[in-house]
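Chain letters run A, B, ... following the sequence lines, proteins first and then strands; every chain starts at 1. Values below: all heavy atoms of this structure, side chains included; hydrogens, waters and symmetry mates excluded.
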2 protein chains.
Amino acid sequence: MKLSSQAQAFVLHFGEMGSRWGFNRTVGQMFALLTIHPEPVNADQLAQALKISRGNVSMGLKELQAWRLVELHHLPGDRKDYFTAAGSIWDLARTVFEERRKRELDPTLTLLRQLLLNEPQDEQEAEAQERIQEVYDLLELLDQFANTLSRLQQKDLLKLMKLGSGLSKLLELKGKVKGGPSKAK
Amino acid sequence: MKLSSQAQAFVLHFGEMGSRWGFNRTVGQMFALLTIHPEPVNADQLAQALKISRGNVSMGLKELQAWRLVELHHLPGDRKDYFTAAGSIWDLARTVFEERRKRELDPTLTLLRQLLLNEPQDEQEAEAQERIQEVYDLLELLDQFANTLSRLQQKDLLKLMKLGSGLSKLLELKGKVKGGPSKAK
DNA sequence: TACAATTTTCAGAAATTTCTGAAAATTAAG
DNA sequence: CTTAATTTTCAGAAATTTCTGAAAATTGTA
């Protein structure tokens, strides 16, 4: 497998950005490669193209599977496992988005919920709990919103994202229109 | 400065989560402490409360300033610098969101834009460019949407996030209502 | 200016994460 | 069952990130 210099640059960049997106350099590179390369690729090809060890590829694929970002394929007459990116670019983005929501929000929500169960023992703690409650409310709302977005049909999501400044105008309409959506909360 | 066990747990958790949110453990802890502690805190107090070195505190504060998450204060008759979290929880969340958009999206958009300037030299490259274009279009749209959300008034943002399943209903309305927002391209 | 208080810097130490490669485990075919 | 192909594991090595603490720089006061 040879990568064009375009592909090379794309892959290397996704490696660099990897850590910001929640995976390490080689996992980022593997993901990028599978994303620009439409044909299924096996582990040896990945190792060769990215110049990393076979063991590292195995671990990276395991992680990409945990993220549900890759699909396993088999080619007739070949015992090797072949991989492709799972679905369209939009599917991939949605999956990364959901997975990050889970990893970045859920553990914190769980902890804060526990903290809020305790009765504050003094004025100091009562004050701290107030702030914790504020953080909790906000993260909970964010979490629900992220969930709502994940569940939207692609065409609705596209419509929403393209609204731009039309979004606030649309929000003004809410509840003011006969037969429109009813007031939430 | 003594932290209640509540506060302690909160701070430690934000330390653990720190890396997922874009900063390291101690920066996460410092941010958490400033968030639950309403009164201004100086560097020595941070070092003492978090049991880290003075130098580390200095570096962490520099980073929090780069993120625009802290505000500097001075107490009369005290030469030390005092810090608080910058603004309300909502302000902080908005700042983190904006800052992450910049760090996670912008560099990639810049690179992809450059890659798309090159004329593809062969069929292989043309195909790769198609995929790069798809990724670019999606990230660009995401970037703009994130910008739109950042600029929304808090009350509109709240309204939007609380819509839940009402969101798709509201989207159906778009363009169908006399005097409603005009169709965005 | 001189001086003490305070903050910043940064070289090296410590901690953590990632990677390699050989050995172990698994899988499929005969 | 045996064998060969393939994948996984994981101990230690390498790379990277974070942290410390002493020295240098800066700041405010007199």
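Between the B:Q129 side chain and the B:L115 main chain, a donor and an acceptor come within less than 3.5 Å of each other. No donor-acceptor pair under 3.5 Å is formed between the side chain of A:R54 and the backbone N or O of A:A47.
With a 6.0 Å radius and a threshold of 12 heavy atoms from other residues, nucleotides or ligands, A:E134 has its CD atom above the threshold.
Distance, A:H73 NE2 to D:dT7 C1': 18 Å, rounded to whole Å. The CG atom of B:L72 sits 14 Å away from the C1' atom of C:dT8 (whole-angstrom rounding). With rounding to whole Å, B:K62 atom NZ is found 14 Å from D:dT18 atom C1'. As a whole-Å value, the separation of B:D78 CG from D:dT29 P is 11 Å. Between A:L61 atom CG and D:dT7 atom P there is a gap of 9 Å when expressed in whole angstrom units.
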For nucleotides 21-30 of chain C, read 5' to 3', which letter fits each nucleotide if B means a protein heavy atom sits under 4.0 Å from the base, S means only the sugar-phosphate is that close, and - means neither?
-> B-----BB--
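Checked for salt-bridge contact, B:R100 and A:E104 meet the test: a charged N lies under 4.0 Å from a carboxylate O. Between A:R25 and A:E16 there is no salt bridge, since no side-chain nitrogen of the basic residue lies less than 4.0 Å from a carboxylate oxygen of the acidic one.
For residues 111-121 of chain A, the side chain to side chain donor-acceptor pair (under 3.5 Å) pairs, not counting sequence neighbours, are A:R113-A:Y136.
Within a heavy-atom distance below 4.0 Å of DNA chain D, no residue of residues 31-49 of chain A is found. Listed by residue number, A:N24, A:T26 are the residues of residues 9-29 of chain A with a heavy-atom contact under 4.0 Å to DNA chain C.
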Kindly list each side-chain donor-acceptor pair under 3.5 angstrom involving residues 147-158 of chain A, sequence neighbours excluded, with atom names and distances?
| unit_1 | atom_1 | unit_2 | atom_2 | d |
| --- | --- | --- | --- | --- |
| A:T148 | OG1 | A:Q144 | O | 3.0 |
| A:S150 | OG | A:A146 | O | 3.1 |

Name every donor-acceptor pair, under 3.5 Å, that has one atom in a side chain of residues 76-86 of chain B and the other anywhere in the protein, sequence neighbours excluded.
| unit_1 | atom_1 | unit_2 | atom_2 | d |
| --- | --- | --- | --- | --- |
| B:D78 | OD1 | B:K80 | N | 2.9 |
| B:D78 | OD2 | B:Y82 | OH | 2.7 |
| B:D81 | OD1 | B:H74 | NE2 | 2.8 |
| B:Y82 | OH | B:N42 | ND2 | 3.2 |
| B:T84 | OG1 | B:H73 | NE2 | 2.7 |

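Distances shorter than 4.0 Å separate none of the side-chain N or O atoms of B:K51 from OP1 or OP2 on D:dC19.
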